[in-house]
Amino acid sequence: TQLLEQSPQFLSIQEGENLTVYCNSSSVFSSLQWYRQEPGEGPVLLVTVVTGGEVKKLKRLTFQFGDARKDSSLHITAAQPGDTGLYLCAVGRKVGNEKLTFGTGTRLTIIP
Amino acid sequence: NAGVTQTPKFQVLKTGQSMTLQCAQDMNHEYMSWYRQDPGMGLRLIHYSVGAGITDQGEVPNGYNVSRSTTEDFPLRLLSAAPSQTSVYFCASRSRPGGVTNEKLFFGSGTQLSVL
């Protein structure tokens, strides 16, 4: 059983469209992170959300932490080919968040 | 701006061979960790360290050993490679173990390992 379930697993859309991907769990977390990974590289942190209901924006990307701090969403407006990549959510476990656990990811392809 | 450096980039082993994946960071980070990434499985934590001389197991530690003799280096050892260890391995570090709010985890560019 995965601690973090990400959906959809794959998403392919046309440039200029909007999209939302999700990260869900039955557990409550103190914080949640989103990373993006490009082929041949390691993941790169996009954002950390901490407060239930929190919304953070990073240019065309909008991140939301669920009110109960069990889930999160990532919305991309007017997707561009540069948004292509694997999007991963991650949460910390153990006392000091020593164990960072990742979801299985959403592989996003933006078609020019 | 080296960050986290992993070597080698690619490696092919025969079943039963041993090898060490190298990881070094130049950011004076206390926390370092190793993940493996497999299709459909995401990133899974193998081992981690919260400081020199301190290591602990992650989710999938079997078949792997680690040590942390210095702040900078965190090598991952495969004592007897098995085909199930074919994967992409990532080393990552951050300045502190974590706290209430996770700090940014910096990743290396990965080592692609094939065990035949």
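Reckoned from all heavy atoms, side chains included, excluding hydrogens, waters and symmetry mates. Bear in mind the structure is a predicted one, so any value in this text is a computation, not a measurement. Proteins come first, then strands; the chains are lettered A, B, ... in the order of their sequence lines, and each starts at number 1.
The 12-atom threshold is exceeded at NZ of K9(B), counting heavy atoms of other residues, nucleotides or ligands nearer than 6.0 Å.
Nearest heavy-atom pair across E41(A) and S109(B) is OE1-CB, 3.8 Å.
For Q37(A), the part sitting under 4.5 Å from any heavy atom of chain B is the side chain, from C-beta outward, and nothing else. For E59(B), the part sitting under 4.5 Å from any heavy atom of chain A is the side chain, from C-beta outward, and nothing else. Of the atoms belonging to F106(B), not a single heavy atom falls under 4.5 Å from chain A. Heavy atoms closer than 4.5 Å to chain A are found nowhere in Q6(B), neither backbone nor side chain. With a 4.5 angstrom heavy-atom cutoff, L43(B) touches chain A via backbone and side-chain atoms both.
L45(B) and Y64(B) are not part of a single hydrophobic cluster, where members link through side-chain heavy atoms under 4.5 Å apart. Linking ILVMFWY residues whenever their side-chain heavy atoms come closer than 4.5 Å, directly or via other members, places L74(A) and V47(A) in the same cluster. Residue V66(B) is not grouped with residue V88(B) when hydrophobic side chains (ILVMFWY) are merged at heavy-atom distances under 4.5 angstrom, including chains of intermediate members.
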Starting from the C-alpha separation in whole Å, work towards a yes-or-no answer on side chain to side chain contact (heavy atoms under 4.5 Å, CB included) for R94(B) and L100(A).
CA-CA 11 Å; R94(B) 65 180 176 218; L100(A) 191 65; 4.2 Å; yes

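Taking OH from Y35(A) and CG from L105(B), the interatomic distance works out to 4.5 Å, rounded to the nearest 0.5 Å. Put simply, CZ on F102(A) and CZ on R44(B) are 14.0 Å apart, with the number rounded to the nearest 0.5 Å.
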